[in-house]
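Written out below as structure tokens is the structure these notes cover.
Indexing begins at 1, ligand by ligand and atom by atom, following the structure's order.
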Amino acid sequence: MSSQDGSKRLKTPRKYSGPARFITLEGGEGTGKSTQSRHLVSALAVLGVEAFATREPGGSPGAEYIRKSILDPERPDLSALSETLLFYAARNDHLDTLIRPSLAKGIWVVCDRFSDSTRAYQGALGLVSDAQLAVMEKLVVGPTVPDLTLVLDLPAKIGIERAHQRRGDGKSDVFERQSLEFHKKLRDAFLGFAKAAPERFAVIDASGDEAIVRQRIWDVVSERLLGGATHG
Ligand code: TMP
């Protein structure tokens, strides 16, 4: 059913009763991950699914504390391995204090960035080896692998422009300051991960209107995790 403005209306939802799911949103800068995380939580609520949006680095008090240091534009240079260990230290706290306890209580977790960001930023582009990443991943993440990872995909140039607009006059963080070439490689890295593991990933075209992207995401979540119990 469509409303007069052409947008799709929510149909009467079927209630969901199943296990809590862990969903991550990944992608370059300015792709709308945090906005879409919130939309997804609201859409899940319509089905009676308890869910919340969180983010990395950060999400728990300890991890937010580490986030400030990692993203501080004034911070000294760190080796790729040291930087990666900080991301995993934050992730460890986030998993232990928020993500795992929530999933255990049946609450869905929608996380803006997770380990695939580390694989892309510090792995594909930061020169930390796959073997080093595998050790940290096993130690910190273990079996808490996302059920679904949505890669919000945009041409790098558009994403960077959006990120700059969003930030206004504020200072860009250490990663936003990287070159366009860096951001193009980042996009290729995320698309490569998705191609290699299509059962966990879905690539979402993040261009166009926020409401359209929201619907694209909902179609995938509903099909993959809710057995079609859906609105849209
Ligand atoms: P954001 O909250 O604006 O996405 O900023 C987080 C920045 O940190 C972003 O530039 C991506 C980067 N990042 C990594 O380099 N590695 C990671 O593991 C994560 C989670 C984020």
Under 4.0 Å between heavy atoms, the region of D112 that gets near ligand 1 turns out to be neither
Quick one: nearest non-hydrogen protein atom to atom 19 (C) of ligand 1, plus distance?
-> F87 CE2, 3.4 Å
Which atoms from ligand 1 have a heavy atom of E56 less than 4.0 Å away?
-> 20 (C)
Do S79 and S82 have side-chain N/O donor and acceptor atoms under 3.5 Å apart?
-> yes
Exceeds 12 heavy-atom contacts within 6.0 angstrom, atom CD of E161 = yes
Is the closest side-chain heavy-atom distance between L150 and L152 below 4.5 Å?
-> yes
Would you tell me whether H39 and E210 have side-chain atoms, one donor and one acceptor, within less than 3.5 Å of each other?
-> yes
Could you see which bit of R55 sits under 4.0 Å from ligand 1, with heavy atoms only: side chain, backbone, both or neither?
-> neither
Which heavy atom of the protein is the closest neighbour of atom 4 (O) of ligand 1, given with residue, atom name and distance?
-> R113 NE, 2.7 Å
For ligand 1, find out whether one of its N or O atoms is nearer than 3.5 Å to an N or O atom of E29.
-> yes
What part of R67, side chain from CB on, backbone N/CA/C/O, both or neither, has a heavy atom under 4.0 Å from ligand 1?
-> side chain
The protein heavy atom nearest to atom 11 (C) of ligand 1 is Y121 CZ, 3.3 Å
Decide if the gap between the ring center of F201 and the ring center of F190 is smaller than 6.0 angstrom.
-> no
Mind checking whether R91 contacts ligand 1 via backbone (N, CA, C, O), side chain (CB onward), both or neither, at a 4.0 Å heavy-atom cut-off?
-> side chain
Which one holds for Q122 and ligand 1: side chain close, backbone close, both close, or neither close, with close meaning a heavy atom under 4.0 Å?
-> side chain
For atom 18 (O) of ligand 1, find the nearest protein heavy atom and state the residue, atom name and distance (0.1 Å precision).
-> T118 OG1, 2.6 Å
Residue of the set I23, I217, D112, T24 for which side chain to side chain contact (heavy atoms under 4.5 Å, CB included) holds with S37 = D112
Determine, step by step, whether D72 and K68 satisfy the salt bridge (charged side-chain N to carboxylate O under 4.0 Å, His left out) criterion, reporting the C-alpha distance in whole Å, the side-chain angles of both residues, the deciding distance to 0.1 Å, and the verdict.
-> CA-CA 6 Å; D72 181 359; K68 285 199 194 89; over 6 Å; no
